[in-house]
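The block underneath contains the structure these notes are about, expressed in structure tokens.
All residue numbers refer to positions in the sequence shown, counting from 1. The analysis underlying the following values was restricted to heavy atoms, covering all of them including side chains, and did not include hydrogens, waters or symmetry mates.
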Amino acid sequence: ADWEGWYVLEVISTAIFTIEYLLRFLVCNAFGSPTHLEFLRTPMNVLDVLAISPFYVELLSHSVAVGPLTILRSVRLIRIFRIFRLSRYSMGMNIMLQSLVASVQPLIILVFFLCIGGTLFSSLVYYAEKMYCPDIERLSAAEFETHRKECINTYFDSQGRRCCDEFGAATGFTSIIDSTWWCVVTMTTVGYGDKVPATKLGQFVGGLTILSGIVLISLPVAIVGSRFQTAYEDAELERQRQLLEEKDRSAMEQALNSGTSDLHEVNVGTSVQTMSMKRTVSPDVMSQKSTGRRKDYASSMSLRHQSTKSRKHNGSTSSMDPDDSEDAQDMANAETAEQLQGHLQRLRRTSNLTGATREQIRLLLALLDHIGSTEEKLKKLKERDAQMEARVNQSFSSLCRSYENSKRLEKVRSMASNT
């Protein structure tokens, strides 16, 4: 305790903490927030000041810290809690914190069970041990003194009675509150041995306490363990996913740099959000299948072209009909999708791709095929819509003619009746 090195260590550590605090104070507003006043009001920074201030108070007063100053020195221990800041860099500590946060409800249940068991079995063991005590009120002072002397380092006196104090409580179990410590230690199967029941009835209560503790504690602890295992498995899956993404990204970059693919950018991950084409494909790349599909698309839209051309204005040859522009946009989208499908098929034939990348390319091709089949169904629906529109127009025209004829006939009849 009198080693002078402790004082040297205290001076060095206090100087380091002071420099660290001053530097953090000077640069706290480097990015605009927090301000110097907000920095001083932060609880952890206030504790830092309280942790280093006793040393300087001692230097100014030239006296040993006593009383309130000793309590102030103990605040230094609060700096130990800064170790929890390492959780952002430690996967194990992150997993532990996540599992504990997810297990709040089971832990509450565990504490609740411990409180019930502690109250119940503490009372039982207290009265079980007290039942074997002599009647202190009927003992004389000399008899009680003899009983007390015989109970030194033992649980029973010479007459086989349980050793008790002047209040009639068994030694080691002087009250229910005092017996709670024994109950907690026994229910958690720790068993320090500082307090043990000596009577047969007390030992029976102790056995029940052990069995009840195993049953009551095992269920919530099992839930906490399962939550920890789930958090650990999620962390492992996330780490493996990141590794696969890195491998896929490097493989994509190698494929693009080697010239084996004209695909500009493919974002591979758990979700594919955007795929864009920034270069035009030459005509020799297009397959016969894509050419046939464009022809089928053009022929399927011929009926709609005819119906829309009939509605054009005779003098508006310089402006394009909105339906025609929509059809042109659909055609361009179809060509872009076919180009993208061709690029993906060529990329799939490369040899330096991982299995995950090939699987994702397969899914993209399946998605494009599904989009194509959906567009074909939409085309058929549009054709039926155009046919239905033509029939409705024809029926409406015939109804209008019938209505005009009926009005004309009614007018002729009225004129004939007037003459």
Side-chain angles (χ1 to χ4, degrees), residues 262-348 359-411:
D262 294 331
L263 185 62
H264 180 70
E265 183 179 358
V266 177
N267 295 326
V268 180
T270 56
S271 61
V272 179
Q273 297 180 350
T274 306
M275 302 188 69
S276 60
M277 299 299 300
K278 292 188 178 181
R279 288 191 292 179
T280 305
V281 182
S282 58
D284 57 348
V285 181
M286 304 303 295
S287 61
Q288 296 179 358
K289 181 179 178 180
S290 63
T291 305
R293 184 177 296 176
R294 288 198 303 272
K295 291 180 179 180
D296 295 338
Y297 180 80
S299 62
S300 64
M301 297 301 293
S302 60
L303 179 62
R304 184 170 183 179
H305 280 299
Q306 294 176 1
S307 62
T308 54
K309 287 181 180 179
S310 62
R311 294 194 301 267
K312 290 183 180 179
H313 193 271
N314 294 328
S316 59
T317 58
S318 61
S319 62
M320 182 179 292
D321 191 86
D323 293 334
D324 290 340
S325 63
E326 182 180 355
D327 296 340
Q329 183 66 31
D330 293 340
M331 183 73 75
N333 292 336
E335 292 180 357
T336 303
E338 291 169 0
Q339 294 174 5
L340 179 60
Q341 189 173 10
H343 283 300
L344 289 174
Q345 289 176 353
R346 290 195 303 275
L347 179 62
R348 189 179 182 181
E359 180 65 19
Q360 292 178 357
I361 291 176
R362 185 187 68 80
L363 293 175
L364 287 175
L365 291 173
L367 179 61
L368 290 175
D369 292 337
H370 179 69
I371 292 174
S373 63
T374 305
E375 288 180 351
E376 292 295 334
K377 295 179 181 179
L378 182 61
K379 294 171 189 175
K380 294 180 180 180
L381 291 176
K382 288 181 179 179
E383 292 176 1
R384 293 178 59 184
D385 185 30
Q387 295 175 359
M388 185 64 69
E389 184 180 1
R391 293 177 181 177
V392 170
N393 291 334
Q394 184 179 1
S395 301
F396 182 75
S397 299
S398 61
L399 288 175
C400 288
R401 287 193 298 269
S402 299
Y403 179 75
E404 290 177 356
N405 293 331
S406 62
K407 293 292 289 184
R408 190 180 297 110
L409 181 60
E410 183 180 357
K411 185 176 181 180

Handout entry: Under 3.5 Å donor-acceptor, Ser406 side chain and Tyr403 backbone
Key = yes
Exercise for the section: State whether the side chain of Asn393 and the backbone N or O of Glu389 hold a donor-acceptor pair below 3.5 Å, judged by distance alone. Expected result: yes
Point-to-point distance, once rounded to the nearest 0.5 Å, from [atom1] of [X] to [atom2] of [Y]:
{"X": "Leu367", "Y": "Arg362", "atom1": "CG", "atom2": "CZ", "answer": "11.5 Å"}
{"X": "Met388", "Y": "Arg391", "atom1": "CE", "atom2": "CZ", "answer": "6.0 Å"}
{"X": "Lys379", "Y": "Lys382", "atom1": "NZ", "atom2": "NZ", "answer": "9.0 Å"}
{"X": "Glu375", "Y": "Leu368", "atom1": "CD", "atom2": "CG", "answer": "9.5 Å"}

Handout entry: Side-chain ion pair, Arg401 and Glu404, N-O less than 4.0 Å
Key =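 Salt bridge flag = no for Glu404 with Arg401.
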Problem - Side chain proximity check, Thr374 to Leu378, heavy atoms < 4.5 angstrom - result: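 No, their side chains stay 4.5 Å or more apart.
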